[in-house]
Every structure is written in C-alpha cells, then in structure tokens.
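Chain A is the first sequence line, chain B the second, and so forth, proteins listed ahead of strands; every chain is numbered from 1. This structure is a prediction, so every number in the text was calculated from the model and none was measured.
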Protein chains: 2
Amino acid sequence: MTYRRSALMEERLANNRDRILLATRKLVSEGGFRDAQIAAVATTAGVSTGMIYRYFPSKAELFVEVLSAAVEQEIEILTEIANRPSPAPTRLGAAVVSFVRRALAGPNLAYAFIAEPVDPEVDTARIRYRKKFGDVFKAILVDGMEKGEIPQQDADASAACLVGAFTEALVGPMDPRRTTRATKEQLTESIRTFCLRAVCGIWKSDDA
Amino acid sequence: MTYRRSALMEERLANNRDRILLATRKLVSEGGFRDAQIAAVATTAGVSTGMIYRYFPSKAELFVEVLSAAVEQEIEILTEIANRPSPAPTRLGAAVVSFVRRALAGPNLAYAFIAEPVDPEVDTARIRYRKKFGDVFKAILVDGMEKGEIPQQDADASAACLVGAFTEALVGPMDPRRTTRATKEQLTESIRTFCLRAVCGIWKSDDA
DNA sequence: TCAAAAAGTGAATAAACATTCAATTATTGA
DNA sequence: TCAATAATTGAATGTTTATTCACTTTTTGA
C-alpha cells in the first residue's frame, strides 16, 4: 500500500466533520430544519454536497446528530443543577432559569427542538430527546417528594407539563430581536414563578 | 347566457368543498400535515386533484382553513367555559379538562396544532392561533386577578405556559391506542392539578 | 333536443431537493 | 518524482409532490 492516513490528514477529516456539524447547527438555529438543505449546509461549511455524504449517511442522520449533541449538552448542564445539595424547589427553579436564559440569549436550537421536523426519522429522535429532557425534571420532583420538599404528584405528567410550559413560553410570544435585556429577565422570572408554583404550590425566591 | 347555477348545483358545490375540508381534516388528524398530500386528500374526498384547486387556491390555504376551523370551534367551547359565573380557578380547571378530554378522546388536530407544519404560510397561521388560544386562558387569569381569586402574575407568560403545559403533556408521553379510559382520566386529573396549582398556588377540586 | 357554459378529470409539467458517481485533485510512501 | 490510493467536487439523476391544462362530462335555459 502506498497510502495511509497521516495524523495530519486524520485531523483534517475530523475537522471537516465538525465544520459540517457546526454549519448545520448554525442553519437550524437560525431558520429551523427547513433552512438546512444539504446545499446550504455545504455552502456554509465550505465543502461540496458530495462531501457531506462521505461523513453522514443521510440528511436525517446528520440532523439527528446535531439534535443529539445539542440536547446532551443541555442535559449535562441541567443534570449538574439537579444534583446540587440545595432544596428541590431551589434546584428546579435554577434549572428552569438556566435553560430559559440560554434560550433567550441568542439563536439556538430551542425552536427546532420543539417543532416538528419534516423527516419521520428525525421526529422519532426529537420525541426521545424531549422525554430525556423531562427526565431531568422528573428526577428533581421525585427527589423533592421523597424529602417532603415538594407535595406528592404525578411526576411524569408534571415533568412533561414543565417542559411544555417553559418551551412554549419561549417560542410563542417573543421576537428575539425586539426584546430588551430587562424584558427577558422579566419573562424568565415569570416562567420561574409559574413553574415553581405549579409543582410546589408556593413560590420561593432563592437563586442558585 | 344559457347557464346559471341552480340551487341544487350550488348545494352540490358546497358539498364538494366540505368533503375536501373533511377529508383533509381526517388525514391531518390521523397522520399530521405530512400525510395530507393533495393526491391523498383527493382520493379520500372522492374527487380529482384538479377539483381541489377549483375550491382552494393552494394546499397551504386549504391547510390554513382546516386549522382555523378546528381552532375556532375549540375556542368557542373554551370561551363559553371562561364566561361562566363560577370562580376563576374553577373555570380554568374546567377549560383545561375540557380541552384535554377532547384531545384524548380520539384522533384530532392537537398534534398538528402544536407541531411545525412544513409550509411557512401555515406556520404563521399556527402561531397566530396558538396565541388566540392562549388569550382565552389569559382572560380567565385577568378576571380572576381582578376579583382576587387568583394571585397577581404575568398573565401573558402564564397563559403561554398553560397552553404549553397541557399540550406537551398530551403529545409527548402517550400512545393513544395503548391507553385505557382510567389512565386517561388519571392523566387529565394530573394535568388539571398542575395547571391549577401553577396559577393559583392551591389546587381546588370542584368540577364544572 | 341543442349549444353554451361550467364542472370535473388525471396525465403531464414543474420545482425543489436529496443523493450519486464519473472525473478531478491531493496525499502518501517508495 | 511517481504510481497508488484516497479525498473532493458538482453536474447529473432520481424522487416526491404540488400545480396546471387540454380534454371530457354534466348542467342549464331556450
């Protein structure tokens, strides 16, 4: 054989893959899956369309990987909050605020995460990830109920409701461009209050 | 002129239109907008594809009309509940339960209402209708706050959260086919509890 | 019954994209 | 430098559907 991948080449390949993922993520963040056609991804990543198929078997799998990476990162952050030693309501509020702040901060995948992707394969993944997302909140609820910090309730239903509540409040009403910092903080606070009261009955204000 | 529409003909035309709308609604209920291709709609309605374009300028406008009719009917029911003389929390709980029960009862547009349609034109309509939907709940909240039945809160945010909460709880977790009547009632109750506590702090149980 | 006008049909057209692949360029080790 | 191999390209292909339109059938009023 007169060809074997050098370390440099290996790196360049990995680089290409990352560039494609990044480009996809960017497009999806800005305009949803709708705007992330293969041609657009290729242009944004600075590669050819054929290139993309060297790294990903199909558009659907590319989308799934983008979604998965985004959700896993998000879940990691929220899990850290969920495992803190503070009281369950405090952790829950902190988790909600953490997610909402990031979502309001700039273009992100929140919308694509909620919305229905065109592709059934991606859709399946999306539902799975939403469920996983809810599980973080469910864990806080279950823990809080055990410790008597949160009243008894249907943890599955409450977790789903929580996820629905703060995602809807984010997607629906706001044009992200015409929103000041203060308005955003106000909305964040309103959502936190809603979510805390929803599961605790009473709103507690301590941050974390 | 040797042709003018007779009353009978007029009726048949209206009938065709309705059949097309009904067929679209059926397909969307069962498989989302994805499954409602013009060809499928035509077959289901028992007309030709060309026919559809005699009654609707485009697929998008057909979809919007289906969505609009469904939402308006839903809003009418909920508005009636919102205008009852009972205390605001009672009305709110009743409205939530009313919507959830219908959604769980069988194939319906709940999913399509929440999910992202493929077409931007339909998407715009969808967001508008979701907002309208939230307004019914907002009205109950505002009224309840005035009467001191509901604690002061950001009515816009709470309304959005409510809509998100009960729609998510409906779409996410359940396979409608593998769910018993009892389970459905249980879920309905869990959602009601969540929503009531979310805006009132305390859960009251009276039906309506 | 007849001709004008409209309703109705569905095969053909068109547009939008994902995917492929023959050809080209780059990399590697000898 | 060279041949072998891999990476890369982007025009061509295939697919999926909305939409159109030339043609057929039905309806209407005289």
- Item | Pair B/Asp135 + B/Lys132, salt bridge at N-O below 4.0 Å | no

- Write down the distance between CG (B/Asp35) and P (D/dT17), rounded to a whole number of angstrom. 10 Å

- A/Ala88: partners by side chain to side chain contact (heavy atoms under 4.5 Å, CB included), with sequence neighbours left out: A/Arg91, A/Ile140, A/Glu149, A/Ile150

- Message: Please enumerate all residues that pass side chain to side chain donor-acceptor pair (under 3.5 Å) together with A/Asp156, with sequence neighbours excluded.
- Response: A/Lys138

- Mind jotting down which residue pairs meet the salt bridge (charged side-chain N to carboxylate O under 4.0 Å, His left out) criterion with at least one end in residues 61-71 of chain B? Sequence neighbours excluded, please. B/Arg17-B/Glu65

- Phosphate OP1/OP2 of D/dA7 contacted by A/Asn16 side-chain N/O (<4.0 Å): no

- Query: For A/Ser48 and B/Gly50, take the nucleotide of DNA chain D holding the closest heavy atom to each; which residue's nucleotide lies nearer the 5' end?
  - Reply: A/Ser48

- Spacing between A/Phe63 atom CZ and C/dA18 atom P, to the nearest angstrom: 7 Å

- So what does B/Leu8 hit on the nucleic acid, given a heavy-atom distance under 4.0 Å: a base, only sugar-phosphate, or nothing? nothing

- Query: Considering heavy-atom distances to DNA chain C, does A/Lys59 or A/Ser6 have its closest nucleotide positioned more toward the 5' end?
  - Reply: A/Lys59

- Message: Just the rounded figure in Å: distance from P of D/dA22 to CZ of B/Arg54.
- Response: 15 Å

- Note on the structure: note: A/Glu121, atom CD; C/dA18, atom C1'; distance rounded to Å ~ 14 Å

- Message: Listing request: all side chain to side chain donor-acceptor pair (under 3.5 Å) pairs with a residue in residues 36-46 of chain B, at least two apart in sequence or in separate chains.
- Response: none

- Atom OH of B/Tyr55 to atom P of D/dT19: distance rounded to whole Å? 18 Å

- Task: Go through the structure and list residues passing side chain to side chain contact (heavy atoms under 4.5 Å, CB included) with A/Thr79, not counting sequence neighbours.
- Result: A/Ile75, A/Asn83, A/Val136

- Item | Rounded interatomic separation in angstrom, taking CG from A/Asp119 and P from C/dC17 | 15 Å

- Message: Looking only at the side chains, is there a donor atom on one of A/Arg102 and A/Ser98 sitting less than 3.5 Å from an acceptor on the other?
- Response: yes

- Query: Can you name the residues that form a side chain to side chain donor-acceptor pair (under 3.5 Å) with A/Arg128, not counting sequence neighbours?
  - Reply: none

- Query: What does the inter-axis angle of the helix from C/dT1-D/dA30 to C/dA30-D/dT1 come out as, five pairs per end, nearest 10 degrees?
  - Reply: 0°

- Query: Who are the side chain to side chain donor-acceptor pair (under 3.5 Å) partners of A/Glu11, not counting sequence neighbours?
  - Reply: none

- Contacts of A/Arg12 that satisfy side chain to side chain contact (heavy atoms under 4.5 Å, CB included) - sequence neighbours left out: A/Met9

- Item | For atom OH of A/Tyr53 and atom P of D/dA6, their distance in whole Å | 23 Å

- Contact check, residues 38-47 of chain B vs DNA chain D, heavy-atom distance under 4.0 Å, returns B/Ile38

- Given the side-chain rings of B/Phe137 and B/Phe99, with only the six-membered ring counted for Trp, is the space between their centroids under 6.0 Å? no

- Can you list the residues that meet the side chain to side chain donor-acceptor pair (under 3.5 Å) rule with A/Glu10, with sequence neighbours excluded? A/Arg5

- Grab the CE-P distance between B/Met9 and C/dA7 for me, whole Å please. 6 Å

- Message: Using a heavy-atom cut-off of 4.0 Å across all strands, would you classify B/Met51 as base, sugar-phosphate, or nothing?
- Response: base

Pairs: protein N or O with nucleotides 24-26 of chain D N or O, under 3.5 Å:
none

